[in-house]
Amino acid sequence: MKISPGEYYSKNEWNLFKQEAAKYNTPFLLVNLDIVRRSYQELEEHFPFSDNYYAVKANPAPEIIQLLDSLGCCFDVASIYEMERVLSCGVVPEKISFGNTIKKLSDIQLAYKKGVRLFATDSEDDLRSIAAAAPGSRIYVRILTEGAASADWPLSRKFGCHPDMATDLLLLARELKLNPYGVSFHVGSQQRDVGTWDTAISITKYIFDNMSEQNIRLEMINLGGGLPANYISKTNPLEVYASEIKRYLEEDFGADMPRIIMEPGRALVGNAGVLVSEVVMVARKSRVAVDRWVFLDAGKFNGLAETWEECIKYPLVCEKADFACEDGILAGPTCDSQDVMYEDYRYRIPVNLCPGDRVYWLTAGAYTASYASVDFNGFPPLKTYFIGK
Ligand SMILES: Cc1ncc(COP(=O)(O)O)c(C=O)c1O
C-alpha cells in the first residue's frame with residue numbers, strides 16, 4: 001500500500017514538516033502546535049457538552065501543556081511527576097484530575113498538598129488512601145468496560161471494577177467523608193467501534209440509579225479517551241463519534257444530564273506529529289532470501305513502542321517513494337530482537353532505499369516521545385522539536 005502524505009496533511013503542512021525536518025539529525029519527533037490547536041478546537045466544536053481533560057501521558061511536552069492550558073483545557077495526570085510538570089507550566093490545581101487508580105499514599109498526600117481535589121479510584125485500598133491523604137476530595141470510580149477487540153490499543157482488564165463494586169466504593173466514599181462525584185471508563189485507545197461507549201454509558205446509568213436509591217446524587221460522567229487519530233486503519237470521523245455518544249447520553253440520561261468530561265490524548269496530539277527516522281542499513285538474511293530487512297535509527301525503544309504486536313500502524317512515507325516498491329520488514333537499531341516494528345504487516349518500501357534515506361512516520365504525535373527509553377543500548381531518548389505556536 002502506497003501512502004500519500006496528502007491523505008494526512010495539507011500540502012502546506014507537509015511542506016513545512018519536510019522543510020523543518022531538514023534542519024535536524026534523526027531520529028526526532030516534529031510537532032506542529034497549530035495542528036494541536038486545531039484538534040482541540042475540533043473537539044470543542046463537536047463535543048460542546050463536554051469539558052476536556054488532556055491525558056498528559058500522550059505527549060507531556062510543556063509546549064503542548066501551555067498551549068492547551070491557554071485554550072481552556074484541563075488535565076488528566078497519571079502520576080505526581082506529570083502533576084508537577086503541569087503545575088510548573090502554570091496550570092492551576094483546580095484544572096487537574098489525578099486519573100491513575102494506582103497510586104501511593106505519599107503521592108496522594110503530595111497531590112492534595114498542591115491543591116488537587118479530583119481523584120479516580122477502582123479499589124478499596126486506593127479509596128482508603130485517598131480518604132486518609134486527601135480528605136473531602138471528589139471521587140470518581142472507574143468501571144471495567146468492553147471494547148478490547150475493536151481498540152487498536154486496548155486498556156481493559158488492568159483498570160476499572162465491576163459495576164456492583166463501583167456502587168460499593170461510592171457508598172464507602174460517602175462513609176469515609178469523601179465526595180462521591182461520578183463514574184469513569186476508558187473503552188480502549190484508538191477505539192474503532194463507537195458502540196462501546198453505548199454499553200459503558202448504560203452501565204454508568206445503572207450505577208447512577210443505584211446511587212440515587214441510596215440518596216447519593218452523582219454529578220459527573222468521565223467518558224475517558226479512545227477517540228481516534230488518523231492512522232492506516234480508517235475510523236469514523238470525529239463528528240460521528242460525537243453525535244453517537246451524544247445520542248447514547250441523551251437516551252440514558254435525558255434532561256437529567258450530569259456534567260460530562262473526557263480525557264482525550266491521541267485525538268488531541270496524534271495527528272500533530274511526524275517522527276523522522278533514517279535508514280541505517282538494508283539487509284537480506286541469505287543469498288536467496290526474499291525478505292528485505294530495513295533497519296532504521298528509530299525503533300520500539302526510542303519512540304515506536306506502540307508498534308508492539310503491530311497494534312498501531314503508522315502511515316509511513318519513504319524517500320524515493322516514486323520508485324518501484326516491494327515488501328519489507330521494518331526493524332529498529334538496538335541489539336534486542338524484540339526491536340522489530342512490522343514483520344507480519346508488510347509495508348511497501350522502495351527497492352532502492354538505502355542508508356541515509358529518511359522514513360517519515362506520520363500521525364506520531366501521541367505515545368512516541370513519552371514512551372522512549374532513556375538509555376537502552378545507549379540510545380538517547382527521542383528529541384522533540386516544534387513548529388507553529
Ligand atoms: C486514564 C486515561 N485517560 C485517558 C487516556 C487517553 O486515551 P486516548 O489516548 O485513547 O485518548 C488514557 C490512555 O492511556 C488513560 O489511561
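All values reported here derive from a predicted model rather than from experimental measurement. Order of appearance sets the numbers: ligands from 1, and atoms from 1 within every ligand.
Near Glu263, meaning under 4.0 Å from any of its heavy atoms, are these atoms of ligand 1: 1 (C), 2 (C), 3 (N), 4 (C), 5 (C), 6 (C), 11 (O). Remark: ligand 1 atoms within the under-4.0 Å shell around heavy atoms of His186 are 2 (C), 3 (N), 4 (C), 5 (C), 6 (C), 7 (O), 8 (P), 10 (O), 12 (C), 13 (C), 15 (C). Annotation for ligand 1: atoms under 4.0 Å from non-hydrogen atoms of Arg142 are 1 (C).
Summarising the contacts of atom 10 (O) of ligand 1 with Ser189, Gly225, Ala151, Gly270, the nearest heavy atom is found in Ser189. Comparing heavy-atom distances from atom 11 (O) of ligand 1 across Gly265, Gly224, Gly188, Ala55 singles out Gly265 as nearest.
For the pair Tyr9 (side chain) and Asn271 (backbone), a donor-acceptor distance under 3.5 Å is present.
In terms of polar-atom proximity, defined here as any N/O pair under 3.5 Å, Leu155 makes no such contact with ligand 1. Of the polar atoms of Arg266, at least one N or O is found under 3.5 Å from an N or O of ligand 1, judged by distance alone.
Of the heavy atoms in Asn100, none comes closer than 4.0 Å to ligand 1. Only the side chain of Lys57 comes within contact range of ligand 1, with a heavy atom under 4.0 Å; no backbone atom does. The part of Tyr367 lying near ligand 1 is the side chain, judged by heavy-atom distances below 4.0 Å.
At a cut-off of 3.5 Å, with distance as the only test, no side-chain donor of Tyr241 or Thr235 sits close to an acceptor on the other residue. Side chain to side chain, Ser189 and Arg266 meet the donor-acceptor criterion of an N or O pair below 3.5 Å. With 3.5 Å as the limit, one finds a donor-acceptor pair spanning the side chains of Thr121 and Asp126.
For Ala58, the closest heavy-atom approach to ligand 1 does not fall below 4.0 Å.
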Indicate every side-chain donor-acceptor pair of residues 57-68 with a distance under 3.5 Å to a residue at least two apart or in another chain.
residue : atom : partner : partner atom : Å
Lys57   : NZ   : Asp76   : OD2          : 3.4
Asn59   : OD1  : Ala61   : N            : 3.2
Asn59   : ND2  : Gly365  : O            : 3.0

